[in-house]
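Proteins get letters first, then strands, A, B, ... in listed order; numbering begins at 1 in each.
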Number of protein chains: 2
Amino acid sequence: MLTNSRLVHQFHDHDRCINAALASAYSLCAEKNARMTAIRESVLRLLWQSHQPLGAYQLQDQLSRLLNKPVAPATIYRAVDFLLGLGLIHRIASLNAFISCPFPNSEHSNLFMICTDCGSVAEVAHNTVNGLLQTICDKANFTLQSQSLELFGQCPQCSSDGEDSSHG
Amino acid sequence: MLTNSRLVHQFHDHDRCINAALASAYSLCAEKNARMTAIRESVLRLLWQSHQPLGAYQLQDQLSRLLNKPVAPATIYRAVDFLLGLGLIHRIASLNAFISCPFPNSEHSNLFMICTDCGSVAEVAHNTVNGLLQTICDKANFTLQSQSLELFGQCPQCSSDGEDSSHG
DNA sequence: ATATGATACGTTATAATATTACATTAATAA
DNA sequence: TTATTAATGTAATATTATAACGTATCATAT
C-alpha cells in the first residue's frame, strides 16, 4: 500500500515535497513533449501548497493574487485539464475540486480518504483494491477503464480530537 | 456479490421493478416516520423509470411535464435530498446525477459501474470491497463513514458491440 | 531571420448545477 | 380549534463549468 496519509496529516518539510513534485512534473512533460508553462506550473504549485483540494474558483482567486491581475475561469480550467491529462493532479468529483497527486508515476487506484471535518484529503494506492475491482468488473462483463474512489470520514487527527482522552 | 447489472443491461419486466421499489419505499417511510409525498414519489418513479442517472434539471423537465406546470429546481433538490436521506437513491458525483437504488435495505458499497458509451449505470454491492476498504482505513487511522465508488468503462452490451464478431 | 502551423492564452459571454430566503399551504399534535 | 411542524411555491442568486473567437507565443522548416 502506498499512501501520503502521513504527509498530509503530519508535519514535514513541505517545500521539499513541492520541489520534488515540480521536478517530476517537468521530467514527465519532457517525456511526453508537453509544455509546462508558467500558468500551469503556478496552478500545480498552488495545489501542492494546499493539502486540501482546491476548487477552480479558489485557484482563480489565488492565481489572480499571485499574478496581480485578473484571471478568467477558462484559464484555470485549461491548466487543470492539462495537469489532469498528465496525471499530475486529480479531480475529486464529490467536492468539485482538484488535488495534486503524490505519486504521479505509479499505477494507482484514485482512492481518496476525505476528512469531512478538516477537509484534508489523502490518496492511497492499493493493488489489492485495483485487483478486486477488476475481478468484479470481469465477472459482470464490464470493461473497466478508470475509476473514482472517494472515502469520507475523519482523518487521524480529527478522529483523535474527538476521542475520549483516557487511555487504557 | 449483489448487482443489478443484469437488470440494467437486459430486457425485463420493468413495471414490476418499479412497483416493488415503491412498495419498499413506502414501508421504509412508515418505519422511519417519513412522508412519501406526491412529488417525492414522482421523482422516485422517474428515477426508477430510467436506468440512466438523471440530473436535477432533467428531473425538473420531466416532473414539470408530468404535472403540467412549472417546477423549480428547489423542488427537485428537496425531493432528491429526502430520497438520498432514506437511501432510496444515490448521487453519482462524477455525473452530477441521481439514480435509484436497487437494494435500499442492504448494507452496500455505493459501487457503480458507469458505461461511458451508453450512460447506463449498474450498482454492485460487494462485501469484500467494503471489508477491504475498511481495513485500509483502519490501518491509516481513518474513521470511515461513507463512500462513493465510481467505475467507468463499457457495459456488457457496449463492450460486445465494439468487439470482433468472429467467434473462435 | 522569418514564414508557417500548432499550441497556449486573453476575453467575453453564457450554460449547467445548486442553494438561499421567505411566503404559503398542508399535515400532525395538543 | 389552535399551535406546531413539515412540505411546497416562488424568486433570486451563488457556484461550477464551457463555448467561441481573437491574439500571442512557441517550434520548426525553410
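Near DNA chain C, meaning a heavy atom under 4.0 Å away, the residues from residues 30-37 of chain A are A:Arg35, A:Thr37. Listed in residue order, the members of residues 38-48 of chain B having a heavy atom less than 4.0 Å from DNA chain D are B:Ile39, B:Arg40.
To the nearest 0.5 Å, atoms CG (A:Asn130) and CG (A:Leu149) are separated by 8.0 Å. Note that the CD1 atom of A:Ile114 and the CD1 atom of A:Ile92 stand 5.0 Å from one another [nearest 0.5 Å].
Residues that satisfy the side-chain contact (heavy atoms from CB on, under 4.5 Å) test with B:Leu66, not counting sequence neighbours, are B:Ser42, B:Leu63.
Minimum heavy-atom separation, A:Gly153 to B:Phe142: N-CZ, 3.4 Å. Residue A:Ile76 comes nearest to A:Ala56 through the heavy atom pair CG2-O, 3.6 Å, listed as atom of the first residue, atom of the second, then distance.
The CD-P distance, from B:Gln60 to D:dG9, rounds to 12 Å in whole Å. Distance A:Ile76 CD1 to C:dG10 P: 10 Å, rounded to the nearest Å. What separates CG of A:Leu67 from P of C:dT11 is a distance of 12 Å, to the nearest Å. Following rounding to the nearest Å, B:Phe82 (CZ) and D:dA7 (P) show an atom-to-atom distance of 7 Å.
Every pair tested for salt bridge (Lys or Arg N to Asp or Glu O under 4.0 Å) that includes a residue from residues 111-138 of chain B fails, sequence neighbours excluded, so the list is empty. Pairs passing the salt bridge (Lys or Arg N to Asp or Glu O under 4.0 Å) check and including a residue from residues 15-44 of chain B, sequence neighbours excluded, read B:Glu41-B:Arg45.
Aromatic ring centres of B:His90 and B:Phe112: separated by under 6.0 Å.
Under the 30°/60° scheme for interplanar angles, the aromatic rings of A:Phe98 and A:Tyr77 are found to stand perpendicular.
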* Which letters describe nucleotides 10-24 of chain D, given B = protein heavy atom under 4.0 Å from base, S = only from sugar-phosphate, - = neither? -> BB----BBBB-----
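Within the 3.5 Å criterion, the main-chain N or O of A:Leu111 finds no donor-acceptor partner in the side chain of A:Ser109.
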